[in-house]
Amino acid sequence: MPEGDTVLQTAARLHAALAGRVLTEADLRVPRFATSDLSGRTVLDVTARGKHLLTRVEGGLTLHSHLRMDGAWRVYAPGERWRGGPGHQIRAVLANTEHTAVGYRLPVLELLRTSEESRAVGHLGPDLLGPDWDPGAAVARLAATPDRPLGEALLDQRNLAGIGNVYKCELCFLARVTPWLPVGALPDGALPRLVALAHRLLDANRYRPTRTTTVRAERRPDAPAPARPKRPLPPLRVQEPLYVYGRHRRPCLRCGTPIRKADEADRPTYWCPSCQAGPTP
């Protein structure tokens, strides 16, 4: 499942290809909106909200999509072959004279009034990569259910928006607790630190083509320039980009113990049985 940083990158690609340009084609291949015609309208912007994508067009309309497990948006140049999947998996086509955006396997695709976007995203907690990020509110929402397993609480987008299964596993490893430890059983002060770490990790990866949690965050490209000239950052050389996710039976990078895996509701959970304290399946 794409995580907040991946969805943000998708929004940036769609915005660069569509925003400020008039749609020459807008084909929504879902029964409810198949007759809706957005052609001739200008795309105003494409914005990510947690794991949701909001494509706003003139006339007060928003195309809301969610990628969930298998969805994807691809951008193509005129005449370029579409390679995102077979034609029957296409759910949306948005085209202008310079680019064509094709949505594949989108489980959520709906057209709504921009003034009613809250129907689609109003339930979300503070967005880890959004302008509304509020760590205090995120901590309060997580702490409101002290008996809930930490991993489950982190995945609940009503608490904080943007964390997926990869970050869930990595954050629990970095906090040295298992994902099944109740939120209320965390040591004093651990929850605010965990929330701050989640923000730092997603923010550090918002521009990276390959997600990593095993290197420190470099200066963000949009951060103010330093007072004196600074040499370009060297390319990242990371042999292992993640601590535990996807590393079943491989040695823990911290202690060498084989990483374990549990399959839960189509979401595998990875953890180190030596480094992480708390209950396990």
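Please read these numbers as outputs of a predicted model, since none were measured by experiment. All values below were derived from every heavy atom in this structure, side-chain atoms included, with hydrogens, water molecules and symmetry-related copies excluded.
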Could you check whether [X] pairs with [Y] (Lys NZ or Arg NE/NH1/NH2 to Asp/Glu carboxylate O, under 4.0 Å)?
X	Y	answer
Asp27	Arg29	yes
Glu117	Arg56	yes
Arg200	Asp203	no
Arg193	Asp188	no
Asp156	Arg148	yes
Asp70	Arg105	no

Taking the side chain as C-beta and beyond, is there a heavy-atom pair between [X] and [Y] under 4.5 Å?
X	Y	value
Thr42	Val57	no
Thr257	Pro251	no
Asp132	Arg49	yes
His66	Lys51	yes
His248	Ile259	no
Val46	Leu54	no
Phe33	Thr35	no

(request) Verify side chain to side chain contact (heavy atoms under 4.5 Å, CB included) between Gln276 and Val177, making sure each step is shown before the conclusion. (result) CA-CA 4 Å; Gln276 295 174 252; Val177 297; 5.7 Å; no
On a heavy-atom basis, which atom in [X] and which in [Y] lie closest, and how many Å separate them?
X	Y	answer
Leu128	His199	O-CD2, 2.9 Å
Gly278	Leu181	CA-CD1, 4.1 Å
Cys252	Cys275	SG-SG, 3.8 Å
Arg21	Ala16	NH1-O, 3.0 Å
Thr100	Val93	CG2-CG1, 3.8 Å
Gly50	Asp127	N-OD2, 2.9 Å

(message) Could you walk me through whether Leu112 and Leu61 satisfy the side chain to side chain contact (heavy atoms under 4.5 Å, CB included) test, starting with their C-alpha distance in whole Å, then the side-chain angles of each, then the deciding distance to 0.1 Å, before giving a yes or no?
(response) CA-CA 6 Å; Leu112 60 152; Leu61 294 175; over 6 Å; no
No-hydrogen, no-angle side-chain donor-acceptor test under 3.5 Å, [X] and [Y]:
X	Y	value
Thr114	Thr62	yes
Ser65	Trp73	yes
Glu240	Thr214	no
Asp5	Tyr167	yes

(request) May I ask whether Ile90 and Leu109 are part of the same hydrophobic cluster, defined by side-chain heavy atoms of I, L, V, M, F, W, Y residues being less than 4.5 angstrom apart, directly or through others? (result) no
(message) Would you say Leu202 ends up clustered with Leu53 if hydrophobic residues are merged whenever their side chains have heavy atoms under 4.5 Å apart, either directly or through other cluster members?
(response) no
Within a 6.0 Å radius of atom [atom1] on [X], are there more than 12 heavy atoms belonging to other residues, nucleotides or ligands?
X	atom1	value
Arg113	CZ	no
Arg32	CZ	no
Arg247	CZ	yes

Backbone of [Y] reached by a side-chain donor or acceptor of [X] within 3.5 Å:
X	Y	answer
Arg267	Asp263	no
Tyr270	Val244	no
Glu170	Tyr245	yes
Arg141	Arg158	yes
Thr10	Thr6	yes
Asn159	Ala153	yes
Glu3	Val166	yes
Asn205	Arg208	no
Gln157	Leu155	yes
Tyr243	Trp271	no

(request) Before giving the answer on side chain to side chain contact (heavy atoms under 4.5 Å, CB included), spell out for Val22 and Asn96 the whole-Å C-alpha distance, their side-chain angles and the decisive distance to 0.1 Å. (result) CA-CA 6 Å; Val22 176; Asn96 53 47; over 6 Å; no
(request) Taking the six-membered ring of Phe173 (Phe, Tyr or Trp), confirm whether the NZ or CZ of Arg254 is under 6.0 Å from its centre and within 45° of its axis. (result) yes
(request) Give me the one residue out of Leu150, Thr269, Leu194 that meets side chain to side chain contact (heavy atoms under 4.5 Å, CB included) with Cys172. (result) Leu150
(request) Classify the angle between the aromatic ring planes of His64 and His52 as parallel (below 30°), tilted (30 to 60°) or perpendicular (above 60°). (result) parallel
